[in-house]
There are 2 protein chains.
Amino acid sequence: MIRLLLADDQALVRGALAALLDLETDLTVVAQVGRGDEVLAAARESGAEVCLLDIEMPGLTGLEVAEQLRAELPGVRSLIVTTFGRPGYVRRALDAGAAGFVVKDTPARELADAVRRVHAGLRVVDPGLAAESLMAGPSPLTVREAEILRLALDGSPVAAIARAAHLSQGTVRNHLSAAIGKTGASTRAEAARVAQSRGWL
Amino acid sequence: MIRLLLADDQALVRGALAALLDLETDLTVVAQVGRGDEVLAAARESGAEVCLLDIEMPGLTGLEVAEQLRAELPGVRSLIVTTFGRPGYVRRALDAGAAGFVVKDTPARELADAVRRVHAGLRVVDPGLAAESLMAGPSPLTVREAEILRLALDGSPVAAIARAAHLSQGTVRNHLSAAIGKTGASTRAEAARVAQSRGWL
DNA sequence: ACCTGGGGGTGACACCTGTCATGGTGCGCC
DNA sequence: GGCGCACCATGACAGGTGTCACCCCCAGGT
């Protein structure tokens, strides 16, 4: 009997996944949480063997949680289950110690198999996604450029970004200009979208 | 036995919801689709009584599908099940003929009840969401302003928006300026986010 | 017939943005 | 030390953006 922990911020999806996985005779859901920062304690307490982690959660992201689990509970395996198959996410997930990466529009019947393979010590990554991830390569953005781009994601004016980053407006514009060049975009909004879609942020 | 149709673009979520709802002895899932434009045919063929519709789907949005169902299959009831509890969505959903509106982070156990109530001819709307929806009021944006704002959502430059809308740049800027005023924003990016978050687009 | 309001447009102005040149600092590395 | 590179900053310039005044047309209301 493989013991599972589910982490997803949408209660309905969480509950539905639990119902789906509990139908399998060799799987049992022993814990459910809705926040990233509650996973570690719940995993410890419940004795989960595999953690299914959404990436976008309040508290901590699934990627951060995977890292935490590798450090604190090395016996527990992480399987990232997310909406977005961004190339960079796959790389970062594996770097963070995740054992698998599954997109939320894979067929439901395959999820249980992915869990079993991860539990058996194998790596599970959507093949098409893995290829895309290799093609895209690592992020060309420097740390500061990525930081500035993150602040520019919602379309804030340069002045606001400069305040938030404690930088001069000129410096912010230079970083943005560099990011625009590296992403092949022509406005910072486009650059932010491109970087976001490749998982560079 | 209440016959259900599930429409959600994420196969995993769709399958999981099916598993969850099939556990109920008085409910049965008779059809599942991943696109908005496949709902009508599937509903006809399967003889579904209640359709659970996600809003954001390829093909048609859940709101458009609800409208379609009301017109073509008046006996079938629609229940919107969505990630985003945007105030304007509730109003538009009810205007479109939906019988209920549920957010994806309501507890899983409540979903079956919502389905039963909708099937019984009742309206089901999250109380907090309903209140928020009344507070926010209807959209102050004119049709064109909303259309232009939609095109501005991704941060495209005015020139691109003007081309896409077959308008002069001056007119686009006038519409955007009006939208910025009405949303209380100070840039078109902020205006677009505000309008989006209120379901005005 | 008159007024009102949405839609489309122009022109002008102040301000914001993207780009580039240039300079300085600190860090790791051969 | 000298080199490259990330980082921070300033100044200048072209072009994009937000605002405003003012124009036209047309559909509804009164």
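Chain letters run A, B, ... following the sequence lines, proteins first, then strands; residues in each count from 1.
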- prompt: Under 3.5 Å, is there a donor-acceptor pair between the side chain of A:R193 and the main chain of B:D154?
  reply: yes
message: For the backbone of A:E64 and the side chain of A:Q68, can you confirm whether one donor and one acceptor N or O come within less than 3.5 Å of each other?
response: no
Return no unless some side-chain N or O of [X] is found under 4.0 Å from OP1 or OP2 of [N].
{"X": "A:H175", "N": "D:dC8", "result": "yes"}
{"X": "A:S177", "N": "C:dT19", "result": "yes"}
{"X": "A:R144", "N": "D:dC8", "result": "yes"}
{"X": "B:T171", "N": "C:dG9", "result": "yes"}
{"X": "A:S168", "N": "D:dC8", "result": "no"}

d([atom1], [X]; [atom2], [N]) in whole Å:
{"X": "A:I148", "N": "C:dG18", "atom1": "CD1", "atom2": "C1'", "value": "15 Å"}
{"X": "B:R188", "N": "C:dC16", "atom1": "CZ", "atom2": "P", "value": "15 Å"}
{"X": "B:E190", "N": "C:dC16", "atom1": "CD", "atom2": "P", "value": "15 Å"}
{"X": "B:I161", "N": "C:dG8", "atom1": "CD1", "atom2": "C1'", "value": "16 Å"}
{"X": "B:E145", "N": "C:dG6", "atom1": "CD", "atom2": "P", "value": "8 Å"}
{"X": "B:I180", "N": "C:dC16", "atom1": "CD1", "atom2": "P", "value": "13 Å"}

query: Judged by modelled atom types alone, do B:T83 and A:Q10 share a side-chain donor-acceptor pair under 3.5 Å?
result: yes
- prompt: Salt bridge check: are A:D54 and A:R14 linked by an N-O gap of less than 4.0 Å?
  reply: no
- prompt: Ignoring hydrogens and angles, does a donor from either the side chain of A:N174 or the base of C:dC20 sit under 3.5 Å from an acceptor on the other?
  reply: yes
task: State whether the distance check finds a donor on one side and an acceptor on the other, under 3.5 Å, for side chain B:R173 versus base D:dG18.
output: yes
field: Charged tip of A:R92 within 45° of A:Y89 ring normal and under 6.0 Å
entry: no
message: If you assign each of B:Q169 and B:T187 to its closest nucleotide in DNA chain C, which residue comes earlier from the 5' end?
response: B:Q169
